[in-house]
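What follows is a single structure, written as structure tokens, with notes after it.
Below, read A as the first sequence line, B as the second, and so on, with proteins coming before strands; counting in each chain starts at 1.
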Amino acid sequence: AQSVTQLDSHVSVSEGTPVLLRCNYSSSYSPSLFWYVQHPNKGLQLLLKYTSAATLVKGINGFEAEFKKSETSFHLTKPSAHMSDAAEYFCVVGKGGSQGNLIFGKGTKLSVKP
Amino acid sequence: DSGVTQTPKHLITATGQRVTLRCSPRSGDLSVYWYQQSLDQGLQFLIQYYNGEERAKGNILERFSAQQFPDLHSELNLSSLELGDSALYFCASSVGVASGGQETQYFGPGTRLLVL
């Protein structure tokens, strides 16, 4: 069965410093992995998506994630945090098989200090 | 803006009542998904429709039901509401039904339901 574990419920960084949001996945086959962001009182926006074409995936707003099969990880990074990055981030895996729904991690709340 | 619309944005109702949430997918998308986001359960998949037919079921209660109409919009019906049903309900859509959850799902802004 597919699952994702977000290792930190809350991450706090200073503006201009790097961001690292950690995610481990479990899947019985090559998974589809996603990162979504949810700003306060907003819907979910897709940041990036991995589907085995390339292990380093670039997303919107300067975010990227690296798929590491040996470590079953899909960590999200950004070189320099901006105040507008403050939000909740969800690591997501596709359920697989004939079903197309998504399985969400519990989320990591990112705070950015000025 | 994802192109997925949901109405209403907010809904306040009483226990025991019934409500209907509406979702219009992106133009051209045939699949619609419903998710529930609550503080204790996080984001959970409820149900998926593809071109009018139920495709997959998740943690959806028997008091809840959904359908997708010929124009592809979808409605989620919640009945005999309980306090614990208070949550944010998201609709998402995707182009079709690829295997393995590979398709990108685009989410609407959600409907916030408060049951008093």
request  = Name the region of Gln38(A), side chain, backbone, both or neither, that has any atom closer than 4.5 Å to a heavy atom of chain B.
outcome  = side chain

message = Counting only non-hydrogen atoms closer than 4.5 Å, does Leu46(A) touch chain B with its backbone (N, CA, C, O), its side chain (CB onward), both, or neither?
response = side chain

ILVMFWY cluster, [X] and [Y] together (side-chain gap under 4.5 Å):
{"X": "Leu76(B)", "Y": "Phe69(B)", "value": "no"}
{"X": "Leu11(B)", "Y": "Phe64(B)", "value": "yes"}
{"X": "Tyr106(B)", "Y": "Phe90(A)", "value": "no"}

remark   = In this structure, CD of Gln37(B) is separated from CZ of Phe104(A) (nearest 0.5 Å) by 8.5 Å

task = Side chain from CB out, backbone as N, CA, C, O: work out which of these in Leu88(B) comes under 4.5 Å of a heavy atom of chain A, or both, or neither.
result = side chain

key: Which portion of Gln6(B) sits near chain A, non-hydrogen atoms under 4.5 angstrom   = neither

Looking at [X], I'd like to know if its [atom1] atom is crowded, meaning that more than 12 non-hydrogen atoms belonging to other residues, nucleotides or ligands lie closer than 6.0 Å.
{"X": "Ile60(A)", "atom1": "CD1", "value": "yes"}
{"X": "Arg112(B)", "atom1": "CZ", "value": "no"}
{"X": "His10(B)", "atom1": "NE2", "value": "no"}

query = For Leu102(A), does its backbone N or O pair with a side-chain atom of Tyr33(B) as donor and acceptor, under 3.5 Å?
reply = no

query = Are the side chains of Leu43(B) and Tyr36(A) in touch, meaning some heavy atoms are under 4.5 Å apart?
reply = no

ask   = Taking all non-hydrogen atoms of both residues, which atom of Phe90(B) and which atom of Lys42(A) are closest, and how far apart?
value = CZ-O, 4.2 Å

